[in-house]
Amino acid sequence: MTAQIEIISGLHDKTPAAILVTTPTQRILLDAGGSLEPGADDWPVPDRLDAVLLSHDHIDHIAGLARLPASVPIYCSAVTARALPPGSNVHPIPVRGQFSLGELTVTTGSSGHAWGGIWFHLNVPGGLFYSGDVSLESALFHFDPPPPAAVALMDASYGLYDTPQHQQLETLWLHVQQPVLCPVPPSGRAVEMALLLARRGMSDVTMDDACREMMTLMAEDNDGSLIPGIEHELRQRVRDLPSLTADAPVILAADPDGQQGIAGELRRRADFRHRTLFTGHMNHRAREQHQRGEVDFCRWNVHPTRRCLQKLVAILRCRQLVPLFTPVDDAVLWQQTLGCDIFTQPRFRIKHDATA
């Protein structure tokens, strides 16, 4: 069996995830993301899709589904399925397990990035690993080591950045000594930020309704994507969570771009004096605001650092790696750093000997 990989979107920049895997009998789309940049062009929808595998529920991985035929089977975790358009042809799969997809066996595991977030391993020749978004540093989300794979399609959103999460937490702690509004994805770092700030004694962190509801749901249902036993601490945090007020010292609000919902409403108020603190991807508008000094930025690691990428390469024992969602200006440096061949072309073929 051979398999052809076409990275429709997600190569060379932080663009939506959409990767087509073609075998002699199937055409499978890995994620179907929407753009994080307002007004960006849509990626071209491939024809004759047999299935879509979704890694998690963030917009740059699922928001392109509306452009696909409603009849295409979608395989995702039960948590991710909650965020999909009504009428989607959903086939829930376990966060950790295996299922058959035609002639393929697909193995899944928790990605450490979001509630219900999973990676995929396809048993094409040598093995193919797709990370979706992945993190090895979360204090909330569990990471399952994947089986070996000769080829890895890997989240490398931070490039070769290598500041570990514990150092980033120290920097974040300095930022939250003043009143801040943090736009965050509810199923991602919103709950983890509230959890770790509370562990440091900051019990007056508040959340908007969407983030509060997400924490409540996580406390009730560890689907395998959360660290075992942490739901007990989450239940305590839900009980202790103060009501949302505009003068709370730290406000976590559910729009990652900081333009819509509670975040947008507060920022448009003339009497709102909080600094807006971005902790993840900033779109073009947010980057311009940061350059003008209107907003602050402190990264909260939800993607792999250089050392995490090196660990993943060692776990997978991969020979070829495609860095996704990041520019790759010097492939030789990446190859020397990670110790495997780096692919930067949008199309290649996996053969019996797992070479391109």
Side-chain angles (χ1 to χ4, degrees), residues 1-12 17-31 50-51 53 55 75 93 96-113 117-136 143-157 159-160 303-326 328 330-356:
M1 184 209 307
T2 61
Q4 179 174 300
I5 311 300
E6 180 182 356
I7 304 170
I8 302 170
S9 178
L11 191 65
H12 299 308
I19 299 162
L20 182 65
V21 179
T22 303
T23 73
T25 60
Q26 296 183 95
R27 287 165 62 80
I28 301 164
L29 190 65
L30 303 177
D31 279 333
D50 296 295
L53 308 185
S55 62
Y75 295 82
I93 56 175
R96 185 180 305 108
Q98 284 188 340
F99 65 98
S100 295
L101 193 59
E103 63 187 353
L104 292 175
T105 298
V106 181
T107 302
T108 60
S110 181
S111 66
H113 174 81
I118 56 182
W119 49 251
F120 296 101
H121 180 283
L122 281 62
N123 69 330
V124 301
L128 173 67
F129 175 75
Y130 172 58
S131 66
D133 287 342
V134 66
S135 174
L136 278 62
F143 173 75
D144 287 313
V151 178
L153 309 174
M154 189 76 74
D155 171 22
S157 296
L160 296 177
H303 300 283
T305 62
R306 174 182 59 78
R307 273 170 280 195
C308 292
L309 288 172
Q310 290 170 328
K311 288 178 184 177
L312 286 165
V313 167
I315 291 169
L316 291 164
R317 303 200 292 274
C318 63
R319 299 199 293 274
Q320 290 96 25
L321 183 143
V322 181
L324 298 174
F325 320 131
T326 188
V328 178
D330 188 343
V332 173
L333 175 61
W334 280 77
Q335 185 165 312
Q336 292 171 344
T337 301
L338 299 181
C340 59
D341 292 337
I342 300 298
F343 288 176
T344 59
Q345 298 302 312
R347 294 179 181 85
F348 61 93
R349 187 175 297 273
I350 300 174
K351 304 176 183 178
H352 287 283
D353 60 355
T355 57

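As the structure is a prediction and not an experimental result, all values here were calculated from the model. Below, all heavy atoms of this structure are taken into account, side chains as well, without hydrogens, waters or symmetry copies.
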Practice task
Please tell me if the side chains of Phe120 and Ile28 come closer than 4.5 Å, counting only heavy atoms from C-beta onward.
Solution key: no

Problem - Geometric class of the His303/His113 ring pair [parallel <30°, tilted 30-60°, perpendicular >60°] - result: tilted

Exercise for the section: Side-chain contact test, heavy atoms from C-beta onward, threshold under 4.5 Å: evaluate it for Pro146 versus Leu316 and give yes or no. Expected result: yes

Exercise for the section: Would you mind reporting whether Ile118 and Ile93 have side-chain heavy atoms less than 4.5 Å apart? Expected result: yes

Problem - From NE2 (His121) to OG1 (Thr108), nearest 0.5 Å - result: 12.0 Å

Handout entry: Euclidean distance, Phe129 CZ relative to Thr107 OG1, rounded to 0.5 Å
Key = 11.0 Å

Practice task
Mind listing the closest non-hydrogen atom pair of Cys340 and Leu321 along with its distance?
Solution key: SG-CB, 3.7 Å

Handout entry: Minimum heavy-atom distance between Trp119 and Asp144, given as atom pair plus value
Key = NE1-O, 2.8 Å

Handout entry: Any side-chain donor near an acceptor of the partner, Asp31 and Ser55, under 3.5 Å
Key = yes

Problem - Exam field: side chain Asn123 to backbone Thr105, donor-acceptor pair closer than 3.5 Å - result: yes

Practice task
Identify the two heavy atoms, one from Pro323 and one from Leu11, that lie closest to each other, and give their separation to 0.1 Å.
Solution key: O-CD1, 3.9 Å

Problem - CG-CZ distance between Asp50 and Arg27, expressed to the nearest 0.5 angstrom - result: 8.0 Å

Exercise for the section: Would you check, one step at a time, whether the test side chain to side chain contact (heavy atoms under 4.5 Å, CB included) holds for Val124 with Val151? Expected result: CA-CA 10 Å; Val124 301; Val151 178; over 6 Å; no

Handout entry: Partner of Met154 under side-chain contact (heavy atoms from CB on, under 4.5 Å), chosen from Leu312, Leu324, Leu338
Key = Leu312

Exercise for the section: Can you see which heavy atom on Phe99 is nearest to which on Tyr75, and at what distance? Expected result: CE1-CD2, 3.7 Å

Exercise for the section: Over all heavy atoms of both residues, which pair between Ala156 and Leu309 is shortest? Give the atoms and the distance, please. Expected result: CB-CD1, 4.3 Å

Fill in the blank from the handout: Here the pair of heavy atoms bringing His12 nearest to Thr344 is NE2-O, 2.9 Å

Problem - pair Leu53-Leu101: side-chain heavy atoms closer than 4.5 Å - result: yes

Problem - Value rounded to 0.5 Å, distance of CG in Asp341 from SG in Cys318 - result: 9.5 Å

Practice task
To the nearest 0.5 angstrom, please state how far the CZ atom of Phe325 sits from the CG atom of Asp155.
Solution key: 6.0 Å

Exercise for the section: Give, for atom CD1 of Ile19 and atom OH of Tyr130, the distance between the pair rounded to the nearest 0.5 Å. Expected result: 4.5 Å

Practice task
Check for a donor-acceptor pair, side chain of Gln310 on one end and backbone N or O of Thr337 on the other, with a separation under 3.5 Å.
Solution key: yes

Practice task
For the pair Thr23 (side chain) and Ala3 (backbone), establish whether a donor and an acceptor sit closer than 3.5 Å, ignoring hydrogens and angles.
Solution key: no

